[in-house]
Amino acid sequence: MSKTQLPVDCVGHKGNVVNLAYSKVCSSGYYLASACHDGQAMLRHGDTGDWVGTFEKDGEAMLSVDINQDATRLVTGGDDCTARIWDAVDGKHLSKIMLSSPVRCVALASQSQTLAVGCLDRQQGHKSDDMLYIYSLDNPGLPQIFQGLSRGLRDVIFCREDRALLSSSHDRTIRLWDLVSEKQAHSITLPHHAKSMELCADGRTVTIAYGHSVVFLDVERFEVLQHRKLPGRVLGASLHPEKESFVCAASNNYIYKCDYSTDEILDSFVAHNEKMRCIKYSPDGEVFATSTDNGGLRLWQQNVGKKYALWDTQTDDAQDPEDANQGDEIVDGNEQH
């Protein structure tokens, strides 16, 4: 029988918390950044949820956030059509990049010298939404631009040791962009647009959530490793840094924790009363964070009952999951060309 999770509630946000990002483990620990429609990004200690700082400019909704490996730089994307770079140590606003569309996703390369920006999908009449922009933060004047999408972007991540980018779009594609040749290298088409996409700590396994499915992709070979189906519609998924399990946020307000190798559901429980937006493992794999509409942000234990950060060893039995299922198939974009 599973044990009851005792979450740590991270208070402060007053709107929909729509994006989360973790730093790596650094000398002072590791950090969790969050972006919210209340116009604020917040930085917290990733293990305890203790508040570190708030980043706010002009009050427009924040749509995206990323933090670099050593938690010294933070970047946000906003409804005001800007990508902003911040000093994550002292909170100073360093610079901004103006675009012609709201910024839906941002990603920093590993050395924090390059920034990828994707714009919000507004469906019709906005040609700039379907472009992927790459900026050098040393000279952010003229970006490198990738075209070929038919809708706006959902997520973007650097991969292949920063020699490539992986994007997910509302046109239902996952595309690999080669930064050296400046061309699209590969693509696959999903039956639904991806709700989340992240790169695992191994640097090559990508976790993609869509429909009732979670797909694991080897980004080096651009091959699907596994295709898992979940009882509920998946709003986000995250793979443990050591690939021992993956966690999913579902539309029925459940979190499902599954064994990566066997697909067995190891644990399931109702996590929030509000719609979940994000789920993400910490870099040490001891915690995963979830965010929701109306300011919800919680930390959960990977190993319930283990003494870690603010948790003690009090446990109880948990609830059983609800049943529902649906199949989804992927179309290899390389076979279409």
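Applying the 6.0 Å contact sphere to NZ of K96 captures no more than 12 heavy atoms from other residues, nucleotides or ligands. The 12-atom threshold is not exceeded at CG of N273, counting heavy atoms of other residues, nucleotides or ligands nearer than 6.0 Å. Q144 CD: more than 12 foreign heavy atoms inside a 6.0 Å radius. Under a cut-off of 6.0 angstrom, the local environment of CD in E220 is crowded, with over 12 non-hydrogen atoms contributed by other residues, nucleotides or ligands.
Cluster partners of L165 are L132, I134, F146, L149, L153, V156, F158, W177, L179, counting Ile, Leu, Val, Met, Phe, Trp and Tyr whose side-chain heavy atoms approach within less than 4.5 Å, directly or via other members. Residue W86 is found in a hydrophobic cluster whose other members, listed by chain and number, are Y31, L43, V52, F55, M62, V65, I67, L74; membership requires side-chain heavy atoms under 4.5 Å apart, directly or through intermediates. Here M98 is tied to no hydrophobic group at all, with no ILVMFWY side chain closer than 4.5 Å. Membership of the apolar cluster around M42 extends to W51, as traced through chained side-chain contacts below 4.5 Å between ILVMFWY residues.
A donor-acceptor contact closer than 3.5 angstrom links the side chains of S282 and D284. A donor and an acceptor atom, one from each side chain of S213 and H227, are located under 3.5 Å apart.
Pairs passing the side chain to side chain donor-acceptor pair (under 3.5 Å) check and including a residue from residues 17-26, sequence neighbours excluded, do not occur.
A donor-acceptor pair is defined here as one N or O able to donate and one able to accept, closer than 3.5 Å; no such pair exists between the side chain of D267 and the backbone of K257. Looking only at distances, no side-chain donor or acceptor of S291 sits under 3.5 Å from a matching main-chain atom of R277. Between the side chain of R228 and the backbone N or O of F216 there is no donor-acceptor pair closer than 3.5 Å. One N or O on the side chain of S169 and one on the backbone of R151 form a donor-acceptor pair closer than 3.5 Å. When atom types are taken as modelled, the side chain of Q301 and the backbone of K306 share a donor-acceptor pair closer than 3.5 angstrom.
Ring geometry, W300 versus H272: the interplanar angle exceeds 60°, so the pair is classed perpendicular (tilted spans 30 to 60°).
Summarising the geometry, atom NZ belonging to K243 is positioned 9.0 Å from atom OG belonging to S261; distances are rounded to the nearest 0.5 Å.
Residues passing the salt bridge (charged side-chain N to carboxylate O under 4.0 Å, His left out) test with D87 are R73, sequence neighbours excluded.
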Is there a side chain to side chain donor-acceptor pair (under 3.5 Å) between Y281 and Q302 once you walk through the steps?
CA-CA 9 Å; Y281 264 114; Q302 169 70 359; 2.6 Å; yes
